[in-house]
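Heads up: the structure comes next, in structure tokens.
The sequence lines fix the lettering, A, B, ..., with proteins before strands; numbering per chain opens at 1.
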There are 2 protein chains.
Amino acid sequence: MFEEDARNTLIKHGLKVTPQRLAVLETLRSMNTHPSTDTITGVIREKYPHIATGTVYKILETFVEKGMIKRVTSDRDIMRFDARTEPHHHLYTAQSGQITDYFDDELTRMLEDYFRKKQIPGFHLEEIRLQLVGNFTDTGTDDEQGHDSRHHK
Amino acid sequence: MFEEDARNTLIKHGLKVTPQRLAVLETLRSMNTHPSTDTITGVIREKYPHIATGTVYKILETFVEKGMIKRVTSDRDIMRFDARTEPHHHLYTAQSGQITDYFDDELTRMLEDYFRKKQIPGFHLEEIRLQLVGNFTDTGTDDEQGHDSRHHK
DNA sequence: ATATTAAATGATAATAATTCTTAAATAAGA
DNA sequence: TCTTATTTAAGAATTATTATCATTTAATAT
């Protein structure tokens with residue numbers, strides 16, 4: 001899934017390798033549910049019960065600054081994070097507050113082409129994010145968590 | 001700008017007409033800066049000093065439930081609101097945390113066409129939101145507030 | 001391997017945003 | 001006008017996030 005292991009990613013970005021940072025990065029990479037800080041902390045504590053809340057916050061902020069992860073904006077007040085850095089979009093559902101990755105290269109290309117041709121006056125575009133809001137029409141037979149619709153076409 | 005006055009909008013949605021609700025809706029409609037709850041409260045208090053913080057929160061939530069306004073998700077932790085219900089997109093800038101409306105019918109049509117043709121399996125799409133992240137390249141001569149780039153083409 | 005040093009962590013306090021609670025006030029309809 | 005269900009005000013409570021600072025630790029040079 002990820003080109004390099006967490007340890008190398010940290011080194012590449014000039015960060016000290018600590019067990020806490022490894023735990024945060026590996027946890028985030030292993031989840032496709034765009035967890036909140038609180039969820040990440042909870043998962044880590046199963047294996048590493050002593051990590052402090054503030055540490056997780058600080059680590060996540062460092063990672064965002066370095067561009068290793070992204071903040072995903074949810075409708076509610078909680079920050080969510082995404083370890084995937086390839087261009088992709090997000091499916092949002094109000095029902096459960098779930099955020100699911102949506103990979104669609106054709107769509108990404110179409111949007112990039114569009115804005116390559118049409119400049120927005122007075123604005124330098126750096127990133128295009130699409131939020132697709134709706135509901136899952138599932139028959140509900142698969143597991144609760146991890147709506148892993150990685151629609152890579 | 002808006003088809004009907006605030007009073008009628010409230011009645012149409014089965015809400016009692018109170019001065020507080022009128023103030024919130026009119027304030028929000030008069031601003032194109034996607035204010036936070038705190039900003040809205042501040043503006044209202046200039047004319048109506050007694051409104052309670054909790055009241056503004058409750059009113060905004062009621063409006064969102066009724067579909068009269070929308071939540072706009074910012075990268076940070078504060079909720080922002082938008083009184084415009086026509087399809088449009090948003091320009092986000094990290095510099096100042098500004099959120100600006102971006103109207104582009106061609107773009108909206110292109111996205112609608114795209115998803116009319118291509119269904120996302122297991123997902124019923126209700127709304128398409130585009131966040132255009134970047135920086136304003138302004139020469140900085142115009143007023144601080146209200147980057148009202150309503151690029152209606 | 002050890003010492004050095006800058007950086008990271010843990011614990012906790014502080015702040016900020018939002019929600020909850022309840023009594024008092026008020027809008028809408030009889 | 002009177003009645004009643006809603007709404008508001010005020011402040012307490014909760015939750016998310018950030019800041020502080022003493023202690024610990026990773027990386028580097030010895």
Checklist entry - Between atom NE2 in B/His50 and atom C1' in C/dT26, what is the gap in whole Å? => result 16 Å

Item to check | For atom OH of A/Tyr57 and atom P of C/dA16, their distance in whole Å | outcome: 15 Å

Item to check | Nearest non-hydrogen partners of A/Phe115 and A/Ile120, listed with the distance | outcome: CE2-CD1, 3.7 Å

Checklist entry - Should the pair A/Asp82-A/Arg71 be classified as a salt bridge under the 4.0 Å nitrogen-to-oxygen rule? => result no

Item to check | Separation of atom NZ in B/Lys58 from atom P in C/dA25, rounded to whole Å | outcome: 17 Å

Checklist entry - Of the nucleotides C/dT19, C/dA6, C/dA28, which has the atom closest to the B/Val17 side chain? => result C/dA28

Checklist outcome for this item: As a check of understanding: the bend across the helix from C/dA1-D/dT30 to C/dA30-D/dT1, end axes from five pairs, rounded to 10 degrees, works out to 40°

Checklist entry - Counting only N and O atoms by type, is there a donor-acceptor contact under 3.5 Å from the side chain of B/Thr55 to the main-chain atoms of B/Ile51? => result no

Checklist entry - CG of A/Asp38 versus C1' of D/dT15: gap in Å, rounded? => result 9 Å

Checklist entry - Below 6.0 angstrom between ring centroids: does that apply to A/Tyr102 and A/His89? => result no

Checklist entry - Do the ring planes of A/His34 and A/His90 sit parallel (below 30°), tilted (30 to 60°) or perpendicular (above 60°)? => result perpendicular

Item to check | Selection from D/dA5, C/dT19, D/dA9 that lies nearest to any side-chain heavy atom of B/Tyr48 | outcome: D/dA9

Next on the checklist: Using whole Å, what does the distance between atom P of nucleotide D/dT7 and atom CZ of B/Arg21 come to?
Outcome noted: 4 Å

Next on the checklist: From CD1 of B/Ile44 over to P of D/dT8, roughly how many Å is that when rounded to an integer?
Outcome noted: 11 Å

Item to check | d(NZ, A/Lys66; P, C/dA7) in whole Å | outcome: 11 Å

Next on the checklist: Under a 3.5 Å distance rule, please check whether A/Arg21 uses its side chain to pair with a backbone N or O of A/Lys16 as donor and acceptor.
Outcome noted: yes

Checklist entry - Which nucleotide in the list C/dA27, D/dT8, C/dG10 gets nearest to the side chain of B/Ile59? => result D/dT8

Item to check | Rounded interatomic separation in angstrom, taking CD from B/Gln20 and P from C/dT26 | outcome: 9 Å

Checklist entry - Between A/Gly54 and B/Thr18, which has a closest nucleotide on DNA chain C that is more 5'? => result A/Gly54

Checklist entry - Would a 4.5 Å heavy-atom cut-off, applied to side chains only, mark A/Gln131 and B/Leu130 as touching? => result no

Item to check | Nearest-nucleotide 5' precedence on DNA chain D, B/Gly14 against B/Thr53 | outcome: B/Gly14

